[in-house]
Protein chains: 2
Amino acid sequence: MNIGDVASQSGLPAKTIRYYEDIGLIRPKRDSNGYRAFDTTELHKLTFLARSRSLGFTIEDCRALLSLYEDRRRASADVKLLAEEHLARIARKIAELKAMHVTLSGLVNKCHGDDRPDCPILDDLGQLEEMPS
Amino acid sequence: MNIGDVASQSGLPAKTIRYYEDIGLIRPKRDSNGYRAFDTTELHKLTFLARSRSLGFTIEDCRALLSLYEDRRRASADVKLLAEEHLARIARKIAELKAMHVTLSGLVNKCHGDDRPDCPILDDLGQLEEMPS
DNA sequence: CTTGACCTTCCAGTTACTGGAGGCTTTATC
DNA sequence: GATAAAGCCTCCAGTAACTGGAAGGTCAAG
């Protein structure tokens with residue numbers, strides 16, 4: 001399989017696949033013409049990477065997950081730990097965004113949004129922030 | 001005021017303030033010794049930037065907001081539009097993260113997380129993704 | 001034999017900073 | 001007055017994860 005084939009099958013752009021090779025996530029062989037030659041193992045790894053990335057794991061997470069994926073004797077607890085840490089990061093990010101949303105929608109609602117210059121949004125932004133830590 | 005003063009008053013690191021000057025968000029004068037000399041106007045702008053960034057506006061958003069902030073004759077509708085677009089981005093991001101959280105916590109719950117190698121998380125990650133678009 | 005689709009490498013740019021080196025200036029202390 | 005610490009300066013490089021583009025080799029079809 002050439003890079004275009006695995007790109008369409010994994011859903012990853014060819015550029016990204018080359019990048020993943022650059023940073024050592026995959027190691028496809030080469031044909032005599034210099035083209036990358038992917039086997040089904042590499043395709044599986046790419047699929048794995050696409051799915052992990054779509055769930056928000058960082059590349060370094062993916063590297064760790066991939067080595068666990070390939071280690072037939074790993075403990076599922078190792079995987080679960082990584083996943084739980086990531087879940088916690090996601091939850092924190094959601095909370096942060098929700099707080100932003102509440103604050104900003106409060107401001108938007110106060111703004112009449114017509115052609116007058118008076119604007120509570122800008123007025124508020126000029127104030128020092130009170131972090132609701 | 002030197003950079004350290006406005007840094008502590010605005011909450012922005014001095015490094016970040018220099019960076020904001022580099023990209024043209026602020027234009028502090030200079031003392032004869034080469035030190036940046038901030039007046040209260042610049043401090044207000046930095047405060048404005050700190051608050052806008054903490055609400056997740058991009059630097060380019062901030063640039064636009066800042067020019068509206070400085071334009072005494074702008075229409076509040078212009079500001080409201082920017083803010084509403086940003087609210088929509090936040091809402092989309094929240095939805096995306098929630099979807100990740102649901103999927104991943106489903107996987108984590110299925111994983112027994114002990115020292116056996118069998119792991120539903122890795123099994124799933126190896127599957128082609130079904131995008132619930 | 002040429003056209004067009006693929007493939008290759010390499011370089012640069014993106015976002016919003018952050019760290020560090022090397023070197024002035026100012027302030028405090030002895 | 002000497003010195004040391006703190007604060008300021010500029011410039012360079014690195015971060016995360018790609019993405020775009022240039023310049024050029026290869027392959028299949030007509």
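Below, read A as the first sequence line, B as the second, and so on, with proteins coming before strands; counting in each chain starts at 1.
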Do any side-chain nitrogens or oxygens of [X] fall under 4.0 Å of OP1 or OP2 in [N]?
{"X": "Arg36(B)", "N": "dC8(D)", "value": "no"}
{"X": "Arg18(B)", "N": "dA16(C)", "value": "no"}
{"X": "Thr16(B)", "N": "dA16(C)", "value": "no"}
{"X": "Arg53(B)", "N": "dC17(C)", "value": "yes"}
{"X": "Arg30(B)", "N": "dT25(C)", "value": "no"}
{"X": "Asn33(A)", "N": "dT8(C)", "value": "no"}
{"X": "Tyr20(A)", "N": "dC18(D)", "value": "yes"}

Closest-nucleotide 5' rank along DNA chain C - winner of Ile59(B) and Lys15(B)
Ile59(B)

Go nucleotide by nucleotide along DNA chain C from the 5' end; which of Phe57(B) and Ala37(A) gets its closest nucleotide reached first?
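Nearer the 5' end of the strand: Ala37(A).
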
How many whole angstroms separate atom [atom1] of [X] from atom [atom2] of [N]?
{"X": "Asn2(A)", "N": "dA28(D)", "atom1": "CG", "atom2": "P", "value": "10 Å"}
{"X": "Leu25(A)", "N": "dA17(D)", "atom1": "CG", "atom2": "P", "value": "10 Å"}
{"X": "Ile23(B)", "N": "dT18(C)", "atom1": "CD1", "atom2": "C1'", "value": "14 Å"}
{"X": "Glu60(B)", "N": "dC17(C)", "atom1": "CD", "atom2": "P", "value": "12 Å"}
{"X": "Asp22(A)", "N": "dA16(D)", "atom1": "CG", "atom2": "P", "value": "15 Å"}
{"X": "Asp5(A)", "N": "dC7(C)", "atom1": "CG", "atom2": "C1'", "value": "12 Å"}
{"X": "Glu21(B)", "N": "dC11(D)", "atom1": "CD", "atom2": "C1'", "value": "14 Å"}
{"X": "Arg63(A)", "N": "dA17(D)", "atom1": "CZ", "atom2": "C1'", "value": "12 Å"}

Are any of the side-chain nitrogens in Asp114(B) or Arg116(B) under 4.0 Å away from the carboxylate oxygens of its partner?
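The answer is yes: the pair qualifies as a salt bridge.
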
Carboxylate-amine/guanidinium contact Asp124(A) Arg51(B), below 4.0 Å
yes

From [X] atom [atom1] to [Y] atom [atom2], the distance as rounded to the nearest 0.5 Å:
{"X": "Ile17(A)", "Y": "Glu42(A)", "atom1": "CD1", "atom2": "CD", "answer": "10.5 Å"}
{"X": "Glu60(A)", "Y": "Leu25(A)", "atom1": "CD", "atom2": "CG", "answer": "7.5 Å"}
{"X": "Ser52(B)", "Y": "His86(B)", "atom1": "OG", "atom2": "NE2", "answer": "9.0 Å"}

Report which part of the nucleic acid Ile3(A) touches: base, sugar-phosphate, or nothing (heavy-atom distance under 4.0 Å, all strands).
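The residue Ile3(A) makes sugar-phosphate contact but no base contact.
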
Between Ser32(A) and Gly34(B), name the one whose nearest nucleotide on DNA chain D is closer to the 5' end.
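Between the two, 5'-proximity favours Gly34(B).
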
What heavy-atom pair brings [X] and [Y] nearest, and what distance separates the two atoms?
{"X": "Tyr69(A)", "Y": "Gly126(B)", "result": "OH-CA, 3.8 Å"}
{"X": "Pro120(A)", "Y": "Cys111(A)", "result": "CD-CA, 3.7 Å"}
{"X": "Ala14(B)", "Y": "Ile3(B)", "result": "O-CD1, 3.6 Å"}

Side chain of Tyr19(A) only, heavy atoms from C-beta on: which candidate in dC18(D), dA16(C), dC7(C) is closest?
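Of dC18(D), dA16(C), dC7(C), dC18(D) is nearest to the side chain of Tyr19(A).
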
DNA chain D: stems of at least 3 consecutive Watson-Crick or G-U pairs, cut-off 3.5 Å?
C:1-30 with D:1-30

